[in-house]
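Worksheet for the structure shown next.
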Amino acid sequence: LISPWYFGGPIHHIKDKTLLSKLFSNFQKKFEIYCQEQNIVTEFQRLNPLLGNDELYQNDPNLFYDREVVYLDLTKDLSQLNKEYTRHTRKNINKAKANGLKVYSDLDHHKFIKLYWDSMDRKTARKFYYFNETFFNGLFVTFKEEIKLFHVDYGGKTICSSIELGN
């Protein structure tokens, strides 16, 4: 098993650490049985330290550090964020502006789906990674309060889109 894109792993909102430990232990036992029944022999997950789901596996000897996670605190003022960017990043932002790239947000996920499928085609991805329109429609309905969609336009054409989940 592998998370298809970026981060995966369990997400929870349980504050009681004792309860969480018991529930997660029970989940792991049931998941192990499921994997045995389905002939699943390995699992690879990219856990997100910003979500803290790596802490659930703190006693797992197979957990290892792979790379640094870089993030921006978007609650900060834009001018403060600009100061924190590296010179290289500021240069790239200025270059994008000078070349007429426009970033905007809306919920037209049809643009995203088209770009996603085009990207899968370019990568010659297996069919497993081609999530269908029903999947994306369900995603936008289920997470309507937590989802944001960003697009980048160049010369009147959308060239990039990104789905962000979370508050």
Side-chain angles (χ1 to χ4, degrees), residues 1-17 19-21 23-28 30-31 34-35 40 42-58 60 62-78 80-82 84-86 89 92-93 96 101-123 125-154 157-167:
L1 298 175
I2 186 169
S3 28
W5 285 104
Y6 308 108
F7 295 112
I11 299 175
H12 66 87
H13 297 287
I14 301 169
K15 303 226 182 297
D16 182 330
K17 298 288 185 188
L19 176 61
L20 176 59
S21 179
L23 289 172
F24 188 66
S25 177
N26 187 44
F27 164 77
Q28 284 183 303
K30 290 185 185 290
F31 186 61
Y34 170 81
C35 288
I40 297 169
T42 60
E43 175 187 17
F44 177 81
Q45 297 220 26
R46 295 169 194 90
L47 302 172
N48 187 337
L50 299 176
L51 296 176
N53 61 356
D54 59 314
E55 294 169 10
L56 294 169
Y57 296 90
Q58 63 188 348
D60 187 330
N62 296 312
L63 180 68
F64 65 92
Y65 173 85
D66 181 60
R67 67 191 69 174
E68 183 178 358
V69 175
V70 179
Y71 71 96
L72 297 174
D73 180 353
L74 297 178
T75 62
K76 292 182 179 179
D77 181 73
L78 189 57
Q80 179 62 36
L81 282 174
N82 259 334
E84 294 177 6
Y85 290 147
T86 64
T89 300
N92 285 340
I93 290 169
L101 273 69
K102 305 279 186 219
V103 178
Y104 65 97
S105 178
D106 70 19
L107 290 178
D108 181 1
H109 59 281
H110 296 93
K111 293 177 193 175
F112 174 87
I113 294 170
K114 167 89 170 84
L115 288 169
Y116 177 81
W117 288 338
D118 288 348
S119 177
M120 293 298 100
D121 288 346
R122 278 192 314 279
K123 295 173 186 277
R126 292 183 296 159
K127 290 295 178 198
F128 171 80
Y129 294 103
Y130 281 80
F131 301 118
N132 62 31
E133 196 161 354
T134 303
F135 169 83
F136 288 111
N137 289 337
L139 186 70
F140 276 83
V141 168
T142 303
F143 295 103
K144 65 183 172 209
E145 300 299 321
E146 294 93 9
I147 201 164
K148 290 186 175 82
L149 184 57
F150 295 94
H151 306 288
V152 176
D153 280 6
Y154 175 68
K157 180 180 177 190
T158 303
I159 61 169
C160 178
S161 287
S162 174
I163 293 176
E164 305 297 325
L165 281 171
N167 293 337

**Request:** Please round to the nearest 0.5 Å and tell me the distance separating atom OH of Y130 and atom CE of M120.
**Result:** 7.0 Å
**Item:** Separation between CD of E55 and CG of L47, rounded to the nearest 0.5 Å
**Value:** 10.5 Å
**Item:** Non-hydrogen atoms of W117 and F131 that approach each other most closely
**Value:** NE1-O, 2.9 Å
**Message:** Quick check for you: to the nearest 0.5 Å, what is the distance between L74 atom CG and L72 atom CG?
**Reply:** 5.5 Å
**Item:** Atom OH of Y34 with >12 non-hydrogen neighbours under 6.0 angstrom
**Value:** no
**Message:** If you compare all heavy atoms of N53 against all heavy atoms of G8, which two are closest, and at what distance to 0.1 Å?
**Reply:** ND2-O, 2.9 Å
**Request:** To the nearest 0.5 angstrom, please state how far the CG atom of L165 sits from the CD1 atom of I147.
**Result:** 5.0 Å
**OH/Y85: more than 12 non-hydrogen atoms of other groups inside 6.0 Å** = yes
**H109 side, atom NE2; E133 side, atom CD - distance, nearest 0.5 Å** = 6.0 Å
**Request:** For residues S162 and F112, report the shortest heavy-atom separation together with the two atoms involved.
**Result:** N-CD1, 4.2 Å
**Message:** Less than 4.5 Å apart, side chain to side chain, heavy atoms only: is that true for I2 and R46?
**Reply:** yes
**Request:** List the atom of P10, the atom of L56, and the distance in Å for their closest heavy-atom pair.
**Result:** CG-CD1, 3.6 Å
**Prompt:** With side chains defined as the heavy atoms from C-beta onward, is the minimum distance between F135 and I113 less than 4.5 Å?
**Reply:** no
**Request:** Test F7 against V69 for side chain to side chain contact (heavy atoms under 4.5 Å, CB included), laying out the working first.
**Result:** CA-CA 11 Å; F7 295 112; V69 175; 3.9 Å; yes
**Complete:** Rounded to the nearest 0.5 Å, the CD1 atom of I93 sits from the CG atom of L101 at a distance of 12.0 Å
**Prompt:** Is there a donor-acceptor pair closer than 3.5 Å between any side-chain N or O of E164 and the backbone N or O of K148?
**Reply:** no
**Asked** Do E43 and F31 have side-chain heavy atoms sitting under 4.5 Å apart?
**Response** yes
**Request:** Search all heavy atoms of L81 against all heavy atoms of D73 and return the closest pair with its distance.
**Result:** CD2-O, 3.6 Å
**Message:** Taking the side chain as everything from C-beta on, heavy atoms only, tell me whether L19 gets closer than 4.5 Å to L23.
**Reply:** yes
**Message:** Can you tell me if Y65 has over 12 outside heavy atoms packed within less than 6.0 Å of its OH?
**Reply:** yes
**Message:** Would F140 and L149 count as a side chain to side chain contact (heavy atoms under 4.5 Å, CB included) here? Give the steps.
**Reply:** CA-CA 10 Å; F140 276 83; L149 184 57; 3.9 Å; yes
**Prompt:** Are any of the side-chain nitrogens in K114 or D118 under 4.0 Å away from the carboxylate oxygens of its partner?
**Reply:** yes
**Fill in**
Nearest heavy-atom contact between L63 and D54 is CD2-O, 3.9 Å
**Request:** Check for a donor-acceptor pair, side chain of T158 on one end and backbone N or O of D153 on the other, with a separation under 3.5 Å.
**Result:** no
**Under the salt bridge (charged side-chain N to carboxylate O under 4.0 Å, His left out) test, residues paired with D66 that sit two or more places apart** = none
